[in-house]
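The first residue in the sequence is number 1, and the count goes up from there.
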Amino acid sequence: MPGGPGTLHDSRRPMEPSRCRNTYAVSRHPTPVFRGLKLRGWRWPVTAHADPIASPTAAEAAVAQVAVVGRAVALQQPEWRHQTAVLETGPAPWAPPTGRHGLYDANGRLVLKNLTFPELEAWCAAEGEESPANRALQLWRWMYADPPAGAWVRSLEETRGRQNGFSAKFLSKVGERVSLEGGLQLSLVVRAADGTRKLIFTLTGGEAAGGSVETVLIPITRQQGLRDRLTICVSSQVGCAMNCQFCYTGRMGLLGNLTTAQIVEQVVEARRFLAQEGDRTLLTNLVFMGMGEPLHNTEAVLAASEIISHYLGLHISHNKITISTVGLVPELRSVIARSRVQIALSLHATTDEVRDWIVPVNRRYDLATLVAALEELFPKPDPSNKRQQDQQDQQDQQEQQEQREEHRLRCSQVSTQREGHHVGVESSRLEQQPSLLPEPEPGGGNMAGGSSASAVPPATASAREAGGEVVMKTLIAVSELAGTAGRWLPPLRPTSQQLATTAAGADVYGGQQAGNGTASNCHSSSNDHMGQEGAAGVRGPTASATTRHYSCNSSSSPAGSGSSGGRSLLVEYTMLHGINDTLDDAHRLVDMMSRVNCKINLIVFNPHVGTRFQSSTDEAVTAFRSALVQRGLVCTIRDSRGDDEMAACGQLGNVGLAFRPSPILEAPERFRRFLLPAATGSTTASSKKPAA
């Protein structure tokens with residue numbers, strides 16, 4: 001094939017400029033003299049289009065002009081080199097998460113257990129990994145997954161030579177710059193008589209390095225036929241700044257916040273401990289009710305909750321994670337908007353006078369402010385509105401049923417053509433093959449909404465009555481031949497009532513406005529009952545599709561919408577003899593929670609060294625609970641677990657670590673007669689009997 005620009009084969013596509021910016025386009029021209037000299041956007045010289053065989057002079061002129069272009073390109077080389085250098089730069093530097101302390105240890109290494117999975121994936125991408133998601137998953141599984149998928153490793157070196165371990169190249173690249181340690185070590189295990197185990201950890205880093213925190217493993221014995229499980233109570237701070245007067249941890253004061261890694265490592269160490277003990281009991285529930293106020297360390301607690309609930313790691317469901325708070329209102333709103341975990345409120349009093357004393361944070365957020373926030377965040381379902389909504393749903397379902405029947409009849413009258421021919425159906429075939437006919441549902445109608453007693457179209461039935469052996473060709477829909485039972489139908493248009501409800505943004509269950517995101521409320525917590533309502537109203541795939549699209553309500557909004565997402569608040573109430581255990585307190589509590597979707601959990605006070613409070617009598621606790629139940633509240637009594645080894649609620653901590661214990665506040669005059677003398681504070685469980 002002769003060379004030259006004018007001798008290209010007819011079947012070849014003409015040369016296109018390169019789409020890659022700042023690069024040379026290699027010419028597909030067969031002539032060597034022109035290869036590699038074409039610049040993006042440059043056009044061949046006019047003189048070069050002459051045939052070099054027929055016109056040698058034109059060929060020499062073309063070569064000369066190409067040389068001129070080559071020199072022009074050489075003059076532009078500095079600019080091209082600069083632009084190419086920009087393209088060859090590495091990945092963007094990693095941006096650490098803001099507002100989270102303790103990301104790096106004392107040696108400057110990044111502690112990977114401080115990162116959620118998306119943050120870990122972003123770090124892997126910044127490190128230049130070819131597949132950041134796969135590398136992040138590999139790290140995640142080794143840190144958190146149960147064996148054999150993982151092993152709760154403490155360093156990358158532990159994976160060397162093991163199946164699915166890290167390559168030597170990766171270890172040499174990042175091994176000196178990252179750490180898989182959690183910042184604490186298990187130093188002591190205390191076992192109570194009821195099977196409760198308290199794990200005491202020594203901190204190796206962070207704000208309170210050298211101190212200790214405590215975690216409790218609580219066995220839950222279930223009824224026969226159900227497996228036992230474990231609940232882990234984790235700490236979020238060393239000590240606590242809230243200074244609740246009846247809490248032993250509050251006496252310590254705040255010594256420091258735990259990092260995300262130190263919170264997560266409590267769960268990891270607990271799993272290691274259970275594996276070493278050979279205890280195969282499932283660890284299913286987690287509560288932030290140990291040392292510290294979780295919402296005083298919000299960023300670390302939320303990140304730890306996300307890590308712990310990840311299904312490829314420690315896999316504790318967010319529905320089984322509970323964060324307890326004394327009532328920090330702004331932080332409470334933030335947690336509800338950003339997370340799907342459950343919330344518990346340490347209330348402990350029904351008057352500002354008592355709560356200002358035993359829970360001093362009430363002086364900042366009093367009961368009026370707190371209850372108003374709870375009514376907004378945890379609205380109680382209105383039974384009257386629910387009945388109206390049920391009636392409206394029933395009307396909507398009837399209207400949808402009529403629309404389906406209209407759709408079926410319309411299909412039976414529309415001809416279906418394929419390649420210009422009608423679909424012909426012989427009546428004899430319909431009689432011989434009853435399987436082609438849709439089976440009627442019990443009570444009339446099929447799953448798609450048909451309600452006729454006979455599945456044969458009206459035109460076919462009338463032809464049968466007329467008699468005759470001739471072949472009848474009936475124009476019917478193919479869907480009627482195959483049977484519409486269980487088949488998907490297009491979603492019906494929303495009714496006028498639904499459109500009005502959606503436009504108004506009304507919440508028939510909680511009174512929330514459209515700002516809570518009614519369109520995305522389908523993916524809610526396990527408390528959402530809309531799936532059951534849809535299944536009860538309309539059967540089959542059509543029902544589920546229609547329900548998911550139109551029947552969502554803002555009482556089950558997901559995280560980020562500003563509401564609780566259908567969650568129920570757990571109100572914790574410690575029973576103190578003579579202080580907050582009267583029937584008047586019970587009635588005030590009912591009135592306070594009348595518009596809050598909540599459950600009450602009564603806690604029997606657990607004494608500790610130096611306390612002046614006494615636990616309520618069994619009779620007082622029973623009477624208090626009865627008053628709540630009679631007024632319509634759900635109320636339970638929490639068992640004291642591990643109280644013989646200072647492992648129960650309100651007994652964690654070590655006051656000896658505090659260089660300046662929190663002050664004991666002066667009690668109101670009318671409550672002083674119910675307190676123990678300061679010199680003979682209760683130290684044993686015998687103090688559960690109130691003083692005469």
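Between the side chains of Thr325 and Glu293, a donor-acceptor pair is found at a separation under 3.5 Å. Counting only N and O atoms by type, the side chains of Thr298 and Glu331 include no donor and acceptor under 3.5 Å apart. Looking only at atom types and distance, the side chain of Arg229 has a donor-acceptor partner in the side chain of Thr231 under 3.5 Å away. Using a 3.5 Å distance cut-off with no hydrogens or angles, the side chains of Thr636 and Asn601 do pair a donor with an acceptor.
With Val326 as the partner, the side-chain contact (heavy atoms from CB on, under 4.5 Å) test is satisfied by one option alone out of Cys240, Pro294, Pro360, Cys244: Cys244. For the pairing with Asn362, the side-chain hydrogen bond (donor to acceptor under 3.5 Å, both in side chains) check across Asp356, Thr369, Thr351 returns one residue only, Asp356. Among Phe671, Phe674, Trp357, the single residue meeting the ring pair (Phe, Tyr, Trp, His ring centres under 6.0 Å) criterion with Phe613 is Trp357.
Contact check on Glu299 versus Arg338 returns a salt bridge, with a Lys/Arg side-chain nitrogen under 4.0 Å from an Asp/Glu carboxylate oxygen. Between Arg588 and Asp591 there is no salt bridge, since no side-chain N of the basic residue sits under 4.0 Å from a carboxylate O of the acidic one.
Between atom CZ of residue Arg612 and atom CD1 of residue Ile664 there is a gap of 7.5 Å, rounded to the nearest 0.5 Å. From Ile343, atom CD1 reaches atom SG of Cys598 across 14.0 Å, with rounding to the nearest 0.5 Å. Atom CD in Glu265 sits 12.0 Å away from atom CG in Leu258 (nearest 0.5 Å). Here the CD1 atom belonging to Ile603 is positioned 4.5 Å from the CD atom belonging to Glu572, to the nearest 0.5 angstrom.
Of the possible polar contacts, one joining the Arg271 side chain to the Leu314 backbone as a donor-acceptor pair under 3.5 Å is found. Within the 3.5 Å criterion, the main-chain N or O of Thr574 finds a donor-acceptor partner in the side chain of Asn580. Arg567 contributes a side-chain N or O that, together with a main-chain N or O of Ile336, makes up a donor-acceptor pair within less than 3.5 Å. Looking at Gln245, its side chain does come within 3.5 Å of a backbone N or O of Asn243 through a donor-acceptor pair. Remark: the backbone N or O of Asn114 is paired with a side-chain donor or acceptor of Arg100 at under 3.5 angstrom. The backbone N or O of Val604 lies less than 3.5 Å from no partner atom in the side chain of Ser615, so there is not a single donor-acceptor pair. Asn597 places no side-chain N or O within 3.5 Å of a backbone atom of Phe378 that could act as its donor or acceptor partner. Side chain of Thr249 to main chain of Leu652: a donor-acceptor pair is present (N/O by atom type, distance under 3.5 Å, no hydrogens or angles).
Summarising the geometry of Cys233 relative to Thr215, their closest heavy-atom pair is O-CG2, 3.2 Å, with the distance given to 0.1 Å. Considering all non-hydrogen atoms of both residues, Phe288 and Leu286 come closest at CE1-CD2, 3.4 Å. Annotation for Leu203 and Gln262: closest pair CD2-NE2, 4.2 Å, computed over non-hydrogen atoms. Between Arg355 and Leu367, the shortest heavy-atom distance links the atoms CD-CD2, 3.6 Å. Scanning both residues, Val264 and Lys113, for their nearest heavy atoms gives CG2-O, 4.4 Å. Between Leu328 and His296, the shortest heavy-atom contact is CD1-N, 4.1 Å.
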Item checked: Lys320 vs Thr284, side chain to side chain contact (heavy atoms under 4.5 Å, CB included): CA-CA, chis, key distance, verdict -> CA-CA 7 Å; Lys320 304 296 184 181; Thr284 60; 5.5 Å; no

Item checked: Steps toward side chain to side chain contact (heavy atoms under 4.5 Å, CB included) verdict (Leu602, Cys635) -> CA-CA 7 Å; Leu602 302 181; Cys635 181; 3.7 Å; yes

Notebook entry, point to check: Between His318 and Ser339, does a side chain to side chain contact (heavy atoms under 4.5 Å, CB included) hold up when you go through it step by step?
Noted result: CA-CA 9 Å; His318 63 272; Ser339 176; over 6 Å; no

Note to self: Does His101 form a side chain to side chain contact (heavy atoms under 4.5 Å, CB included) with Asn297? I'd like the steps, not just the answer.
What the structure shows: CA-CA 10 Å; His101 63 281; Asn297 191 16; 3.3 Å; yes

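Side-chain contact between Val359 and Met242: absent, with no pair of heavy atoms (C-beta onward) separated by less than 4.5 Å. A 4.5 Å side-chain heavy-atom check between Phe246 and Asn606 finds every atom pair outside the cut-off. Side chains of Met289 and Cys649 form no contact here, defined as non-hydrogen atoms less than 4.5 Å apart. Between Leu217 and Leu283, the closest side-chain pair of non-hydrogen atoms falls below 4.5 Å. In this structure, Arg641 and Pro219 have side chains that are in contact, with non-hydrogen atoms separated by less than 4.5 Å. Counting heavy atoms from C-beta outward, Val301 and Ile323 have side chains that approach closer than 4.5 Å. With contacts defined as side-chain heavy-atom distances shorter than 4.5 Å, the pair Leu199/Glu269 does not qualify. When side chains are defined from C-beta on, Leu370 counts as touching Val329, because their heavy atoms get closer than 4.5 Å.
Judged as a salt bridge (charged side-chain N to carboxylate O under 4.0 Å, His left out), and not counting sequence neighbours, the contacts of Glu666 are Arg672. Annotation: side-chain contact (heavy atoms from CB on, under 4.5 Å) contacts of Pro330 (sequence neighbours excluded): Tyr365.
Residue Arg595 places its CZ atom among 12 or fewer non-hydrogen atoms of other residues, nucleotides or ligands, all under 6.0 Å distant.
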